[in-house]
**Student:** 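Below you will find the structure I want to go over with you.
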Amino acid sequence: MCVANQKGGVGKTTTTVNLAVALALHGNRVLVVDLDPQGNASTGLSVPHHAGIPDVYDCLIDNVPLAEVAQAVDGIPNLWCVPATIDLAGAEIELVSVVARESRLSRAINGHPEKFDYVLIDCPPSLGLLTVNALVAAQEVLIPIQCEYYALEGLNQLINNINLVRQHLNPTLDVSTILLTMYDRRTRLADAVEQDVRNHFGEKVLQAVIPRNVRVSEAPSYGQSVMTYDPGSRGATSYFEAAQEIAERGVKMGGVA
Ligand SMILES: Nc1ncnc2c1ncn2[C@@H]1O[C@H](COP(=O)(O)OP(=O)(O)OP(=O)(O)O)[C@@H](O)[C@H]1O
Ligand SMILES: [Mg+2]
């Protein structure tokens with residue numbers, strides 16, 4: 001599942017990290033691929049990603065097997081993370097001249113000898129070759145949408161890019177899931193955005209909505225997800241609900257629980 005939205009700061013990384021932890025805590029084997037040179041997902045999962053650590057760049061550019069760079073996440077059984085270091089900042093340009101530049105990540109994931117129940121790819125806030133690699137590798141796209149005024153602006157561009165990838169590179173790619181993030185129930189605006197998104201995307205929108213919750217934003221500074229930092233917080237329970245919906249949909253689509 002590729003977590004994408006070229007708009008910055010909409011909750012892509014927070015969603016990737018917390019869904020991954022929630023799914024792993026329920027016994028699923030989960031892999032997070034940090035595909036953003038900012039390395040926020042690696043930080044959020046407390047996975048070392050300083051310069052010199054083998055990372056997703058090595059898989060994309062130098063064909064290093066994914067299994068050699070994936071690290072077990074401390075304290076969460078069944079969860080692994082392929083980190084991003086600052087090296088990845090150059091990949092967007094270096095990829096331009098490599099063979100099969102759009103399908104490097106797909107090849108790396110498919111070459112992994114062990115199977116995962118879920119692979120979540122955290123995308124950078126752009127529509128460049130890194131995001132294209134994520135879209136080619138994924139079966140499904142999850143789009144987090146922040147409940148703010150400009151939320152829907154730019155979504156057409158993302159959907160157009162997804163359609164292009166579907167036409168040329170990954171015919172079965174499905175925008176399966178929309179998640180509303182940073183919902184502030186005190187504002188009428190958040191409610192209006194929610195209605196808009198539900199009218200437009202229908203069933204794809206998860207019932208669970210992630211509230212704006214300070215515990216969610218505090219958790220990364222402790223190298224934790226909100227699931228472990230404060231499991232009783234509204235942020236954590238909402239991400240648990242979202243993970244449960246995703247798991248139930250997977251079962252309906254013929255997967256296993
Ligand atoms: N539900 C929430 N409540 C409060 N703060 C949140 C919530 N979700 C995310 N945040 C905060 O909002 C900021 C942006 O979130 P995040 O990094 O997940 O977005 P992103 O889409 O990955 O950003 P980027 O485009 O830079 O990769 C972070 O500081 C995060 O801690
Ligand atoms: Mg991010």
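Just so it is clear, the values below take in all heavy atoms, side chains as well, and ignore hydrogens, waters and symmetry mates. Note that ligands are numbered from 1 as they come in the structure, with each ligand's atoms numbered from 1 the same way. Sequential numbering from 1 along the given sequence is applied to the chain's residues.
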**Student:** Protein N, O or S atoms less than 2.8 Å from the Mg ion (ligand 2), ignoring waters?
**Tutor:** Thr13 OG1
**Student:** Which heavy atom of the protein is the closest neighbour of atom 17 (O) of ligand 1, given with residue, atom name and distance?
**Tutor:** Thr13 CB, 4.1 Å
**Student:** Please state which part of Pro211 comes within less than 4.0 Å of ligand 1, counting heavy atoms only: side chain, backbone, both or neither.
**Tutor:**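 The part of Pro211 near ligand 1 is the backbone, not the side chain.
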**Student:** Output yes when the distance from some N or O of ligand 1 to some N or O of Thr14 is under 3.5 Å, and no in every other case.
**Tutor:** yes
**Student:** Rounded to the nearest 0.5 Å, what's the gap from CG on Leu130 to CG on Leu135? Could you check?
**Tutor:**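 Answer rounded to 0.5 Å: 11.0 Å.
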**Student:** Determine whether Arg212 and Arg234 make a side-chain contact, defined as any pair of heavy atoms from C-beta on separated by less than 4.5 Å.
**Tutor:**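 They are not in contact (no side-chain heavy atoms under 4.5 Å apart), so the answer is no.
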**Student:** Is Glu94 reaching over with its side chain to a backbone N or O of Ile61, donor-acceptor style, under 3.5 angstrom?
**Tutor:**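 Pair absent, no side-chain N/O of Glu94 close to backbone of Ile61.
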**Student:** Hey, can you tell me if His26 and Phe240 have their rings parallel, tilted or perpendicular (30° and 60° cut-offs)?
**Tutor:** perpendicular
**Student:** Mind checking whether Val10 has an N or O less than 3.5 Å away from an N or O of ligand 1?
**Tutor:** yes
**Student:** Under 3.5 Å between some N or O of ligand 1 and some N or O of Lys12?
**Tutor:**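 Yes; at least one N/O pair falls below 3.5 Å.
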**Student:** So, is Asp122 polar-close to ligand 1, with some N/O to N/O distance under 3.5 Å?
**Tutor:** no
**Student:** Starting from atom 12 (O) of ligand 1, what is the nearest protein heavy atom, named by residue and atom, and what distance separates them?
**Tutor:**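 Atom 12 (O) of ligand 1 sits closest to the protein heavy atom Met182 CE, 3.9 Å.
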**Student:** Side chain of Asp55, backbone of Thr85: donor and acceptor closer than 3.5 Å?
**Tutor:**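 Looks like yes, one N/O pair under 3.5 Å.
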**Student:** Between Gly11 and ligand 1, is there a nitrogen or oxygen pair with a distance under 3.5 Å?
**Tutor:** yes
**Student:** Quick one: look at Asp36 and ligand 1, take heavy-atom pairs under 4.0 Å, and tell me if it's side chain, backbone, both or neither.
**Tutor:** side chain
**Student:** Are the side chain of Asp117 and the backbone N or O of Arg29 linked by a donor-acceptor pair below 3.5 Å?
**Tutor:**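 Flag set: sc Asp117 to bb Arg29 pair under 3.5 Å.
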**Student:** Please report which non-hydrogen protein atom sits nearest to atom 24 (P) of ligand 1, along with the residue it belongs to and the distance in Å to one decimal place.
**Tutor:**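 Residue, atom and distance for the closest contact: Gly9 N, 3.5 Å.
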**Student:** With a heavy-atom distance limit of 4.0 Å, tell me whether Ile210 approaches ligand 1 through its side chain, its backbone, both, or neither.
**Tutor:** side chain
**Student:** Given 3.5 Å as the limit, does a donor-acceptor pair link the side chain of Lys7 with the main chain of Tyr150, or not?
**Tutor:**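 Between the backbone of Tyr150 and the side chain of Lys7 there is a qualifying donor-acceptor contact (under 3.5 Å).
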**Student:** I'd like to know if the side chain of Asp34 reaches the main chain of Cys81, judged simply by a donor and an acceptor atom lying under 3.5 Å from each other, with no hydrogens or angles considered.
**Tutor:** no
**Student:** Does the Ser42 side chain pair with the main chain of Ala84, one donor and one acceptor, at a distance under 3.5 Å?
**Tutor:**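 Looks like yes, one N/O pair under 3.5 Å.
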**Student:** Counting non-hydrogen protein atoms only, what is the nearest one to atom 5 (N) of ligand 1? Give residue, atom name and distance.
**Tutor:**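 For atom 5 (N) of ligand 1, the nearest protein heavy atom comes out as Ser217 CB, 3.5 Å.
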**Student:** Any idea which protein heavy atom is nearest atom 26 (O) of ligand 1, and the distance to it?
**Tutor:**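 Heavy-atom neighbour on the protein nearest atom 26 (O) of ligand 1: Gln38 NE2, 3.2 Å.
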**Student:** What I want to know is whether Asn213 and ligand 1 share at least one N or O pair that is separated by under 3.5 angstrom.
**Tutor:** yes
